[in-house]
There are 2 protein chains.
Amino acid sequence: MTISRAAQAAGVGVETIRFYERRGLIKQPLKPRNGGFRSYHSDAVARIRFIRQAQEIGFSLREIEELLALEADPKADCGEVRGQAQLKRDEVRRKIIQLKRMERALDRLIATCPGSGALGACTILDGLAAPRTAKTRPITNGAHTKRAKKVHAMKTVTFTIEGMHCEACASTIRALLQTEPGVTGVDVSFARKKARVLFDPEIAREAAFRDKIAKAGYRALAEPQPK
Amino acid sequence: MTISRAAQAAGVGVETIRFYERRGLIKQPLKPRNGGFRSYHSDAVARIRFIRQAQEIGFSLREIEELLALEADPKADCGEVRGQAQLKRDEVRRKIIQLKRMERALDRLIATCPGSGALGACTILDGLAAPRTAKTRPITNGAHTKRAKKVHAMKTVTFTIEGMHCEACASTIRALLQTEPGVTGVDVSFARKKARVLFDPEIAREAAFRDKIAKAGYRALAEPQPK
DNA sequence: TTACACGCCGTACTATAGTACGGAGTCAAG
DNA sequence: CTTGACTCCGTACTATAGTACGGCGTGTAA
């Protein structure tokens with residue numbers, strides 16, 4: 001197999017193979033002494049494929065080099081390879097958590113940017129630049145904690161919303177309310193000009209909903225609550 | 001706050017701050033007209049921290065620039081900012097999907113790796129070198145192709161495996177066999193010391209299974225096939 | 001047999017994301 | 001008022017992961 005065939009088979013460019021050879025990731029086949037072109041074995045293709053896939057899951061060429069070195073080492077232990085993979089996985093997991101935080105921040109930003117009204121403080125910075133992740137509160141010793149899984153009495157409140165001019169506005173308000181802590185259900189109707197929120201009164205406050213809606217440029221009028 | 005204090009607070013080097021300034025990611029505070037050093041506000045620190053965290057989760061500086069642009073100019077047309085934010089959110093979602101894929105791939109590798117023992121049995125290296133998902137076969141034009149969706153006569157073969165000493169060994173063999181092209185089903189029982197493989201005889205060969213199992217350090221004895 | 005596509009090889013270039021360095025200016029403590 | 005730490009600024013260098021280019025040699029097919 002010529003280099004271009006091998007490149008094709010492995011799904012990379014010819015130059016990339018040469019680059020890997022230079023980097024020592026794959027060994028260059030010898031040129032036949034009677035002249036002619038180097039011949040690439042399908043093993044080389046497998047190796048290149050390995051490199052690419054390992055890269056895709058986040059390994060750098062240096063790390064891949066180490067992995068490949070382990071493979072070549074007859075007394076290497078499989079546990080080592082496994083350990084590398086675990087480290088990578090942890091890294092990936094951390095990244096996913098961060099990205100989710102960012103996604104939420106963007107959701108919030110999108111929600112608070114209704115297409116009209118002041119865009120107040122943007123929340124992307126808050127979303128990520130959170131060295132203060134309040135979640136990291138000290139873990140109290142289970143034996144001492146009194147707080148049993150409390151039965152929450154959920155509450156519903158309905159607002160009449162003024163200022164919505166399309167379905168998008170309703171979406172905005174929906175998204176906005178959903179980001180409030182303690183809120184478990186939201187139903188906003190553009191047609192009926194209503195927003196209904198199901199929430200835990202021990203966590204969320206009605207006033208916060210009104211504030212949030214007002215900040216987005218709408219007016220929320222609390223309805224007398226039936227019941 | 002001087003630049004070195006800001007750098008310290010943000011956890012980067014002084015040169016990095018200057019680099020971000022040059023790149024336009026953060027604006028350089030003005031030098032006091034009466035001479036002296038520039039003064040950095042804690043907002044700048046927050047911004048730098050944001051940049052770092054966004055980078056960590058896979059955003060390039062260019063992308064971060066765009067993210068930060070969302071936060072800046074509050075007088076920008078809100079609809080535009082919203083649109084940008086939505087694009088960014090989609091990007092974030094794509095990143096999450098990609099990372100989850102990586103995580104799953106790593107999980108698979110970790111799960112099937114016996115965790116100790118000779119590398120011959122390490123399925124990570126095998127798993128990564130596997131000719132990725134043959135799904136990318138060229139789509140032949142339906143009208144011209146003669147090859148109707150051939151009815152494959154699948155075949156089953158059962159081996160008696162010697163040398164398995166725990167369930168993990170069974171997993172290893174399972175994973176190993178699953179990577180073989182043409183294999184559509186694998187059932188390995190540690191208790192019964194058996195491996196059953198469902199495969200397409202036009203693609204896979206029984207000998208290849210035995211080889212692979214042997215390479216992993218087990219012995220596979222073909223059983224007489226009950227038709 | 002001759003064209004031309006490919007192979008070989010070295011060097012150079014790209015982008016991203018910093019780091020390092022050298023010289024001049026500035027501040028603040030001893 | 002000197003010294004040392006720090007700032008400022010531009011230029012240059014580093015690593016990673018390739019990609020491109022130019023000149024030459026070679027293999028194959030018309």
Side-chain angles (χ1 to χ4, degrees), chain A residues 1-41 44-45 47-69 88 91 95 128, chain B residues 1-41 44-45 47-68 91 95 98 102 128:
Chain A
M1 189 161 28
T2 64
I3 193 167
S4 67
R5 296 262 135 216
Q8 200 166 32
V12 300
V14 168
E15 297 304 330
T16 303
I17 293 186
R18 292 208 222 277
F19 172 69
Y20 290 163
E21 287 171 346
R22 260 173 291 155
R23 281 244 9 190
L25 286 168
I26 52 183
K27 64 188 172 318
Q28 197 173 39
L30 298 162
K31 263 210 255 193
R33 53 231 130 328
N34 49 342
F37 299 149
R38 294 176 207 284
S39 172
Y40 288 78
H41 194 264
V45 173
R47 207 171 161 95
I48 295 161
R49 241 175 336 221
F50 172 87
I51 294 167
R52 291 261 110 168
Q53 300 212 26
Q55 266 190 308
E56 229 157 82
I57 57 177
F59 288 96
S60 69
L61 291 187
R62 169 178 299 280
E63 288 166 329
I64 292 165
E65 209 173 334
E66 281 162 25
L67 248 30
L68 287 168
K88 264 302 150 200
E91 208 172 281
K95 283 185 186 168
L128 257 191
Chain B
M1 187 159 32
T2 64
I3 193 169
S4 66
R5 297 261 134 217
Q8 199 166 32
V12 301
V14 169
E15 298 304 329
T16 303
I17 293 187
R18 291 207 224 276
F19 173 70
Y20 290 163
E21 287 171 346
R22 258 173 291 154
R23 283 248 4 192
L25 286 168
I26 51 184
K27 66 191 169 316
Q28 197 172 40
L30 298 162
K31 260 209 255 196
R33 53 233 123 332
N34 49 343
F37 300 150
R38 295 175 204 283
S39 172
Y40 289 79
H41 193 265
V45 173
R47 210 172 158 94
I48 294 161
R49 257 201 294 250
F50 172 83
I51 294 169
R52 290 261 108 169
Q53 302 211 18
Q55 264 191 308
E56 226 158 85
I57 57 179
F59 285 96
S60 68
L61 292 185
R62 169 180 299 278
E63 289 168 327
I64 293 166
E65 209 173 334
E66 283 160 8
L67 281 169
L68 286 168
E91 218 167 273
K95 281 211 167 96
Q98 167 77 23
M102 283 162 52
L128 281 176

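Excluded from the calculations below are hydrogen atoms, water molecules and symmetry mates; all remaining heavy atoms, backbone and side chain alike, are included.
Ion pairing between A:E21 and A:R38 fails under the 4.0 Å rule for side-chain N and carboxylate O.
If B:S60 and B:N34 are placed on DNA chain C by their nearest nucleotide, the residue sitting closer to the 5' end is B:S60. Each of B:E15 and A:Q28 was assigned the nucleotide of DNA chain C with the nearest heavy atom; the assignment lying further toward the 5' end belongs to A:Q28.
Taking atom CZ of residue B:R5 and atom P of nucleotide C:dA28, one finds them 13 Å apart after rounding to whole Å. In this structure, B:R33 places its CZ atom 17 Å from C1' of C:dT26, rounding to the nearest Å. Nucleotide C:dT16 holds its P atom 16 Å from the CD1 atom of B:I51, rounded to whole Å. In this structure, CD1 of B:I64 is placed 12 Å from P of C:dT16, rounded to the nearest angstrom. Rounding to whole angstrom units, CG of residue B:L25 and P of C:dT16 are separated by 12 Å. One can place CD1 of A:I17 at 14 Å from P of C:dC9, the figure rounded to the nearest angstrom. Taking atom CE of residue A:M1 and atom P of nucleotide D:dG27, one finds them 18 Å apart after rounding to whole Å.
The phosphate of C:dT19 (OP1 or OP2) has a side-chain N or O of B:T16 nearer than 4.0 angstrom. Under 4.0 angstrom from either OP1 or OP2 of C:dG7 there lies at least one side-chain N or O belonging to A:S4. Phosphate proximity of C:dT16 to B:Q55: absent, as no side-chain N or O sits under 4.0 Å from OP1 or OP2. Phosphate contact (OP1/OP2 of D:dA17, side-chain N/O of A:Y20, threshold under 4.0 Å): absent.
Residue A:T2 has its side chain nearest to C:dG7 when only C:dG7, C:dG18, D:dG18 are considered. Each of C:dG7, C:dT16, D:dT7 was ranked by its minimum atom distance to the side chain of B:R62; first place goes to C:dT16. Checking C:dG18, C:dC9, D:dT7 against every side-chain atom of B:R18, the shortest atom distance belongs to D:dT7. Ranking D:dT19, D:dT11, D:dG25 by closeness to the A:F37 side chain, first place goes to D:dG25. Comparing C:dC8, D:dT19, C:dG25 by their closest approach to the side chain of A:I3 singles out C:dC8. Minimum atom distance to the side chain of A:L61 is reached by D:dA17, of the listed D:dA17, C:dT19, C:dC9. Of all nucleotides listed (C:dG7, C:dC8, D:dT7), C:dC8 comes nearest to the side chain of A:R38.
Residues A:F59 and A:K88 form a side-chain contact, since some pair of their non-hydrogen atoms from C-beta on lies under 4.5 Å apart. The shortest distance between side-chain heavy atoms of B:V45 and B:Y40 does not fall below 4.5 Å. Within the 4.5 Å cutoff, the side chain of B:I3 has no heavy atoms near those of the B:F37 side chain.
When each of B:I51, B:L61, B:I64 is tested with B:R23 by the rule side-chain contact (heavy atoms from CB on, under 4.5 Å), just one qualifies, namely B:L61.
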